[in-house]
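This report concerns only the one structure given below.
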Amino acid sequence: MYKVIENISQIGELLKDLQSTNLISLDVETSGLDPHTDTLILLQLKLLNNTYIIDARKFKQLDYIIALIKETHKTVIGHNIKFDLKFLYHNTGELLLDVYDTQLAETLLHAGLSRGFYPSLSFLCKEYVGVNMDKDAREIFIDNADIILTEKELIYSAMDVNYLLKIMESQMSKIRKEDLLEVFDLEMKLLPILAQVEYEGINFLESVWMSLYGKNLDELKNSEMNAINYLLENIDISKYKNAYEFSKDLDIRVTTKKLQSELESLQTEYILEWAKKNINIKSNKQVLNHLKLLGFDVNSTGILVLKPLREKGNYIDKILNFREYEKKISTYGENFLSYINKNTGKIHCEFNQIGTATGRFSSDSPNMQNIPADQEYRKAFIASPGCKIITADYSQAELRLMGAVSGEPEIIHAYVNDQDLHKKTATFLFDVDIDNVTKEQRQKGKNLNFGIIYGISKFGLLHTFGIPIEEGEVLLYKYFQGYKVLKEFIEYAGDMVWKNLYSITPLGRKRFFEEIDLFENNKEKFKYESRVKREGINHIIQGGSADILKQAMIDIYYDNPFGEDLKIRLQVHDELVLEAKEEIVEECKDFVVKKMLEAEQPFLGEIPAKVDYSIEDYWIK
DNA sequence: CATGAAAGCGCC
DNA sequence: AAAGGGCGCTTTCATG
């Protein structure tokens with residue numbers, strides 16, 4: 001059963017229980033998803049076998065309770081607890097730091113498995129406790145801040161904290177069995193940091209963004225007109241009897257019989273006018289037909305296919321030009337303003353700390369990890385008054401880590417002696433002295449270096465860089481003649497991944513692969529085996545690098561001597577964006593860089609860790 | 001009309 | 001034999 005708490009006189013038993021246990025199951029009910037604009041309605045706590053439901057609208061000493069839990073270092077168990085932390089932080093000013101998240105733990109235990117796998121609370125209750133949770137309490141409270149509580153709401157709310165401890169215990173035994181304790185610990189320490197980062201958001205200067213929008217909107221319209229005009233001038237309209245014939249060839253959808261007959265009666269001289277209005281070059285299906293009419297032999301309109309065929313002023317040039325602006329206007333235009341928080345005026349994206357199979361973050365609402373790298377866009381994300389933005393990123397984190405985990409002496413030697421690794425690779429590829437490497441040769445060296453991390457083949461080199469198959473084959477051969485130990489490592493690691501059906505980062509993060517028994521044929525099996533090896537090897541490097549930046553974030557946060565004067569704002573895979581008080585920004589930068597280097601160095605052996613940084617009024621690399 | 005897949009492309 | 005890793009957002013298009 002449960003006990004409802006509405007005022008201070010009712011907390012005696014709760015305080016007594018707090019002295020007897022270190023484990024608290026916790027959940028909140030709110031009127032919506034945004035801590036800045038929505039209302040905290042209930043806080044449910046389960047300690048030992050007692051469930052307390054605090055009506056946060058009436059109970060005035062919530063800050064006291066949360067501070068007590070925080071200061072006595074109780075472990076707070078929740079499901080997607082980042083959400084709860086943000087609401088509690090907003091309502092009490094206290095950020096709980098000792099947490100266990102059942103959802104995050106489950107994600108960690110299944111990293112890489114079954115796409116779209118979503119560990120909901122009801123799923124875990126069924127899985128670990130064998131209980132069917134018939135209804136989610138959350139929905140009852142949405143947009144219902146003034147709800148009058150009846151037994152129904154209270155029972156549902158109590159249910160949400162009822163099984164968390166049991167789930168945690170079962171998960172912990174799995175975590176130990178899988179030897180995931182260290183990475184688990186890393187994730188749980190990171191979690192509250194992200195709650196605060198998301199809660200605080202980053203300043204956004206709408207005027208900078210919208211002046212780009214205005215400029216790009218003109219460019220978009222021009223480029224669209226250019227493309228359509230070019231198309232209509234370069235295909236033979238006279239061969240079509242009427243507009244319907246033309247629409248079929250262009251694959252413009254004609255959905256009704258009525259429209260069809262109208263088009264059939266539209267004679268040749270009116271086709272152009274109609275076409276100008278109805279051709280949609282955002283439709284790649286249509287563009288593919290345009291290209292065929294213009295004599296290009298292509299089966300896709302993707303940039304990798306089109307780029308080699310691009311010539312200044314031809315249709316492909318015009319389409320690619322249009323697409324560039326279309327992206328800017330649609331994803332990075334007016335729509336983006338809807339992410340400005342009504343209360344704070346800032347952007348509060350979500351960071352999903354195990355948003356990927358490899359252990360990298362993902363970001364959404366908005367995705368702050370794919371904002372155009374142009375200075376002009378990033379200038380819209382600015383420091384608060386009296387503050388500066390520090391941008392700090394690892395230099396070639398993945399390549400350094402690849403050198404270290406493989407033990408490849410040539411890579412180690414290059415970094416130890418501060419050589420340009422891409423140039424060094426070029427010396428192997430083209431049998432030249434490092435001082436005589438041309439720009440083009442260095443570029444190919446770079447392509448190969450990154451390609452290797454991704455498990456590229458000679459076909460991939462053709463597809464991505466247009467390097468002919470024969471040349472690609474030679475380049476790969478020479479690459480591995482130069483980096484023999486790396487080649488051995490890749491082969492060994494691939495065999496291990498395929499044998500174990502998981503791969504593992506230096507910190508111990510695992511990425512799992514499905515066991516598939518039944519293959520239709522050897523071809524299918526070979527295909528899967530290749531994929532597992534490729535993705536598994538990549539996980540060691542990509543996931544290993546992710547571990548390092550996560551560790552750095554933890555060290556920066558928990559050792560921060562500057563308090564409120566230094567804050568993490570964003571994370572972009574190998575880069576941190578922070579904000580610091582102007583007067584002490586140099587010291588803050590030194591501290592951040594030091595912590596990042598210290599997090600990376602233990603994984604690099606002899607290879608020196610390296611961090612680049614900048615200090616500006618806005619986000620810039 | 002709603003929904004989901006696919007294509008395409010922004011970032012590291 | 002297959003043929004570069006990891007994401008999220010926007011648009012079109014097919015389906016029910």
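A, B, ... follow the sequence lines: proteins, then strands. Residue 1 opens every chain.
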### Message
Under 4.0 Å, counting only non-hydrogen atoms across every strand here, what does Q542(A) touch: a base, just sugar-phosphate, or nothing?
### Response
base
### Query
In terms of side-chain heavy atoms of A373(A), which of dT10(C), dC12(B), dC7(C) is nearest?
dC12(B)
### Message
Is a donor from one side chain sitting under 3.5 angstrom from an acceptor on the other, for Y213(A) and E334(A)?
### Response
yes
### Query
N280(A) near the nucleic acid: base, sugar-phosphate alone, or nothing, with a heavy-atom cut-off under 4.0 Å?
sugar-phosphate
### Query
If only side-chain N and O atoms of S283(A) are considered, is one of them under 4.0 Å from the OP1 or OP2 phosphate oxygen of dT11(C)?
no
### Query
With a 4.0 Å cut-off on heavy atoms, is G302(A) in touch with a base, just the backbone sugar-phosphate, or nothing at all?
sugar-phosphate
### Task
Remember a base hit wins even if backbone is also touched, and classify R534(A) as base, sugar-phosphate or nothing at under 4.0 Å, heavy atoms.
sugar-phosphate
### Message
Any donor-acceptor pair under 3.5 Å linking the side-chain atoms of S365(A) with those of E350(A)?
### Response
no
### Task
Quick one: label F336(A) by what it contacts on the DNA or RNA (base, sugar-phosphate, nothing), any heavy atom closer than 4.0 Å.
nothing
### Query
When all nucleic acid strands are considered with a 4.0 Å heavy-atom cut-off, which category describes F361(A): base, sugar-phosphate, or nothing?
nothing
### Query
Atom CD of E350(A) and atom P of dC9(C): how far apart are they, to the nearest Å?
10 Å
### Task
For dG8(C), take OP1 and OP2 only and decide whether either is under 4.0 Å from a side-chain N or O of S362(A).
yes
### Query
Looking across every strand, which nucleic acid part, if any, lies under 4.0 Å from I541(A) by heavy atom: base, sugar-phosphate, or nothing?
nothing
### Task
Name the nucleic acid region contacted by A357(A), choosing base, sugar-phosphate or nothing; use a 4.0 angstrom heavy-atom cut-off, strictly under.
sugar-phosphate
### Task
Check for a donor-acceptor pair, side chain of D364(A) on one end and backbone N or O of N367(A) on the other, with a separation under 3.5 Å.
no
### Euclidean distance for C1', dG8(B) against dA1(C) (whole angstrom)
29 Å
### Query
Will you find, in the side chains of D547(A) and Q551(A), an N or O donor that is under 3.5 Å from an N or O acceptor?
no
### Query
Could you state the CG-C1' distance from N321(A) to dC9(B), rounded to the nearest angstrom?
15 Å
### Task
May I ask you to say whether E376(A) pairs ionically with K215(A), meaning some side-chain N is under 4.0 Å from a carboxylate O?
yes
## Note on the structure
For dA1(C), the nucleotide meeting Watson-Crick or G-U wobble distances (both under 3.5 Å) is none
### Message
Just to be sure I understand the rule, does S530(A) reach a base, reach only the sugar-phosphate, or reach nothing, if contact means heavy atoms closer than 4.0 Å?
### Response
base
#### Entry: Nearest-Å distance for atom pair CZ/P, residues R360(A) and dG8(C)
12 Å
### Message
Students often get this wrong, so: under 4.0 angstrom with heavy atoms, is K328(A) touching a base, only sugar-phosphate, or nothing?
### Response
nothing
### Query
Is E326(A) touching bases, backbone alone, or none of the nucleic acid, heavy atoms closer than 4.0 Å?
sugar-phosphate
### Query
Rounded to the nearest Å, what distance is computed from the CD1 atom of residue I490(A) to the P atom of nucleotide dA3(C)?
19 Å
### Query
If you look at every strand shown and take non-hydrogen atoms under 4.0 Å, does I303(A) touch a base, only sugar-phosphate, or nothing?
sugar-phosphate
### Message
Can you measure N352(A) atom CG to dC11(B) atom P for me and round it to whole angstrom units?
### Response
22 Å
#### Entry: Distance, rounded to the nearest Å, where I452(A) contributes CD1 and dG6(C) contributes C1'
18 Å
#### Entry: Position toward the 5' end of DNA chain C (nearest nucleotide), K327(A) or Y454(A)
Y454(A)
## Note on the structure
Between CG of L570(A) and P of dC7(C) the distance, given in whole Å, is 20 Å
### Query
Does the distance from a Lys or Arg side-chain N to an Asp or Glu carboxylate O, for E224(A) and R323(A), drop under 4.0 Å?
no
